[in-house]
Peer 1: 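Here it is: the structure, laid out below.
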Amino acid sequence: MHRTVSRQEIATLLGLDPTGPTTSFSNVSAIETATATSIVFAQDPASLAKAKASAAGLILAGQPDPDSRILPVREPRLAFAQVYTRYFDERGRNGIASSAIVEDGAVLGENCEIGAGAFIASGARLGAFCVIGPRAVIHAACTLGERVRVQAGAILGSDGFGYAHAPEGYIGFPQIGTLVIGDDVEIGANTTIDRGALGETRIGRGTKIDNLVQIAHNCIIGQDVIIAAQVGLAGSITVEDGAMLGGQVGLGERVTIGRGVILGGQGGVLPGKRLDGPGQVFWGTPARPVRDYLRDLARLRNPRGRD
């Protein structure tokens, strides 16, 4: 990757006309801290005015402007992320830390980064360009695709929480399944994802999981799903492609969240239920369409229809 990049290279990356001033840049930054070698983005007229008043060397903006520093793009925030990922993302360059433990029998693809104190068990398989953060644990039952990023302290492939009830107490149910994680998945710090009990837990390609999330055994998470912090998923849940789960959502066992459904923060779904409707927003516990939730909330606050 480049450490210094020209305006022409950036324009070419973004599919734009590469003509313009011949300038080079060495970092991306916030508008407030930008220097003459910094790239910033302006998402709206207010931020554009701030960017033009700053020292930034290149401004990715959503509209043309006489200022020669501006490179017009359709989606400034997306373009900024693309430039950062292509030219300035330092993750994945540091190899295997001396304090990391990679057991014999673990399989690592090319150019993986393993952080300090991380543990990769024998039998784990990592695809190329994976980044495993400090003190993360990858158990033997795990298969990771390419470009998977696992932040510090995450634990993948741990035993699920499953027991059989006997007269003398609870007996552990076998937790001998697998965990399969697709390409381009990102997993936040201190998140835990359990292996399947007898079958498979699966996280689909491109899914992004925040910090402090719990995903239990036998869950099937689709592609390009967004899961915010402190979400808790019980066993055998299905979350279909493109769904979004807000912070502190709780799902009972065998729940299905349909394709493209948005479940707002602290929403709860009772065991065995299903939510459907691409783009439809659900809220509350038990979760229901947001209009119904707000109507019910208004009734609780004003049960007799008085101000």
Side-chain angles (χ1 to χ4, degrees), residues 1-44 47-48 50-52 54-65 67-97 108-115 126-134 144-152 181-189 203-210 223-226 242:
M1 290 189 180
H2 293 53
R3 296 301 178 94
T4 300
V5 58
S6 70
R7 180 187 178 109
Q8 284 71 28
E9 288 176 292
I10 292 170
T12 299
L13 172 70
L14 300 176
L16 304 172
D17 183 353
T19 59
T22 303
T23 47
S24 295
F25 312 98
S26 60
N27 63 84
V28 296
S29 79
I31 292 172
E32 293 77 8
T33 58
T35 68
T37 61
S38 298
I39 303 163
V40 303
F41 76 99
Q43 192 71 10
D44 51 49
S47 59
L48 178 57
K50 288 176 61 178
K52 290 172 65 175
S54 76
L58 183 66
I59 303 168
L60 304 175
Q63 59 192 58
D65 190 278
D67 192 320
S68 63
R69 297 174 298 163
I70 289 177
L71 186 62
V73 295
R74 184 184 298 274
E75 297 183 53
R77 190 170 186 271
L78 173 60
F80 186 79
Q82 290 172 323
V83 170
Y84 166 75
T85 299
R86 175 64 180 84
Y87 296 112
F88 301 112
D89 189 352
E90 295 289 337
R91 297 174 297 178
R93 299 184 180 186
N94 298 317
I96 300 175
L108 273 57
E110 62 177 336
N111 295 318
C112 285
E113 176 181 309
I114 311 297
L126 279 62
F129 302 101
C130 288
V131 178
I132 309 301
L144 279 60
E146 297 186 351
R147 299 173 301 279
V148 174
R149 297 185 183 273
V150 181
Q151 295 191 41
I181 296 176
D183 296 343
D184 300 305
V185 169
E186 299 197 15
I187 297 167
I203 311 296
R205 178 199 55 76
T207 284
K208 313 301 182 190
I209 301 171
D210 201 355
Q223 298 182 10
D224 297 315
V225 171
I226 297 294

Peer 1: Can you list the steps and then say if Val83 with Phe41 is a side-chain contact (heavy atoms from CB on, under 4.5 Å)?
Peer 2: CA-CA 11 Å; Val83 170; Phe41 76 99; over 6 Å; no
Peer 1: Hey, what do you get for CG (Leu71) to CG (Leu60), rounding to the nearest 0.5 Å?
Peer 2: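 Taking CG in Leu71 and CG in Leu60, the distance rounds to 6.0 Å.
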Peer 1: Is there a side-chain contact between Ile114 and Leu126, using heavy atoms and a 4.5 Å cut-off?
Peer 2: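 When only atoms from C-beta onward are counted, Leu126 and Ile114 do touch, with a gap below 4.5 Å.
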Peer 1: For Gly188, is there any backbone N or O sitting under 3.5 Å from a side-chain donor or acceptor partner on Asp210?
Peer 2: no
Peer 1: Got a sec, which residues hit side-chain contact (heavy atoms from CB on, under 4.5 Å) with Ala152, two or more places apart in sequence or on another chain?
Peer 2: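 Pro134.
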Peer 1: Would you please name every residue forming a ring-ring contact (aromatic ring centres under 6.0 Å, His included) with Phe129, sequence neighbours left out?
Peer 2: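 ring-ring contact (aromatic ring centres under 6.0 Å, His included) list for Phe129, sorted by chain: empty.
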Peer 1: Where is the tightest heavy-atom contact between Gly62 and Pro76, given as atom of each residue plus distance?
Peer 2: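 Heavy atoms of Gly62 and Pro76 come nearest at N-CG, 3.5 Å.
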Peer 1: Applying side-chain contact (heavy atoms from CB on, under 4.5 Å) between Ser29 and each of Ile39, Thr35, Val40, report the one that passes.
Peer 2: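 Running side-chain contact (heavy atoms from CB on, under 4.5 Å) over Ile39, Thr35, Val40 with Ser29 returns exactly one hit, Val40.
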Peer 1: Please answer whether the main-chain N or O of Gln43 pairs with a side-chain N or O of Arg77 as donor and acceptor at a distance below 3.5 Å.
Peer 2: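 No; judged by distance alone, with no hydrogens or angles, the pair does not exist.
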Peer 1: Look up atom CG in Leu48 and atom CG in Asp67, then write down how far apart they are to the nearest 0.5 Å.
Peer 2: 8.0 Å
Peer 1: When rounded to the nearest 0.5 angstrom, what is the spacing between CG in Leu144 and CG in Leu108?
Peer 2: 9.5 Å
Peer 1: Are the side chains of Leu13 and Val5 in touch, meaning some heavy atoms are under 4.5 Å apart?
Peer 2: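 No, their side chains stay 4.5 Å or more apart.
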Peer 1: Which residues satisfy the salt bridge (charged side-chain N to carboxylate O under 4.0 Å, His left out) test with Asp184, sequence neighbours excluded?
Peer 2: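 Here the qualifying residues are Arg147.
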Peer 1: Can you tell me if Glu186 uses its side chain to pair, donor with acceptor, with the backbone of Lys208 under 3.5 Å?
Peer 2: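 No, the answer is negative, given that no donor and acceptor are paired below the 3.5 Å cut-off.
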Peer 1: What pair of heavy atoms forms the shortest contact from Ala34 to Ala55, and how long is it?
Peer 2: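 Of all heavy-atom pairs spanning Ala34 and Ala55, the closest is O-CB, 3.7 Å.
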Peer 1: Looking at CG of Leu16 and CD of Gln8, how far apart are the two atoms once the value is rounded to the nearest 0.5 Å?
Peer 2: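 Leu16 CG to Gln8 CD: 12.0 Å, rounded to 0.5 Å.
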Peer 1: What are the two closest non-hydrogen atoms of Pro21 and Ser68, and how far apart are they?
Peer 2: CG-O, 4.1 Å
Peer 1: Evaluate the criterion side-chain contact (heavy atoms from CB on, under 4.5 Å) for residue pair Ile181 and Val150; output intermediate values, then yes/no.
Peer 2: CA-CA 11 Å; Ile181 296 176; Val150 181; over 6 Å; no
Peer 1: State the OH-CG distance between Tyr87 and Asn27, to the nearest 0.5 angstrom.
Peer 2: 15.0 Å
Peer 1: Closest heavy-atom contact between Pro64 and Pro72?
Peer 2: CA-CG, 3.9 Å
Peer 1: Can you check whether Ser47 reaches Ile31 side chain to side chain, under 4.5 Å on heavy atoms?
Peer 2: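 SC-SC contact between Ser47 and Ile31 confirmed.
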Peer 1: Does NZ belonging to Lys50 count more than 12 external heavy atoms closer than 6.0 Å?
Peer 2: no
Peer 1: Starting at CD of Glu113, measure out to CD1 of Ile96 and round the result to the nearest 0.5 Å.
Peer 2: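 These two atoms lie 10.0 Å from each other.
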Peer 1: What closest approach, in Å, do Val185 and Gly204 show between heavy atoms, and which atom pair accounts for it?
Peer 2: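 Minimum heavy-atom separation between Val185 and Gly204: CG2-O, 3.2 Å.
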Peer 1: Could you tell me which non-hydrogen atom of Thr4 sits nearest to which non-hydrogen atom of Ser24, and how far apart they are?
Peer 2: CG2-CB, 3.6 Å
Peer 1: I want to check something: taking the side chain as every heavy atom from C-beta on, are Thr23 and Arg69 in contact at a cut-off of under 4.5 Å?
Peer 2: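 Result no, sub-4.5 Å side-chain heavy-atom pair not found.
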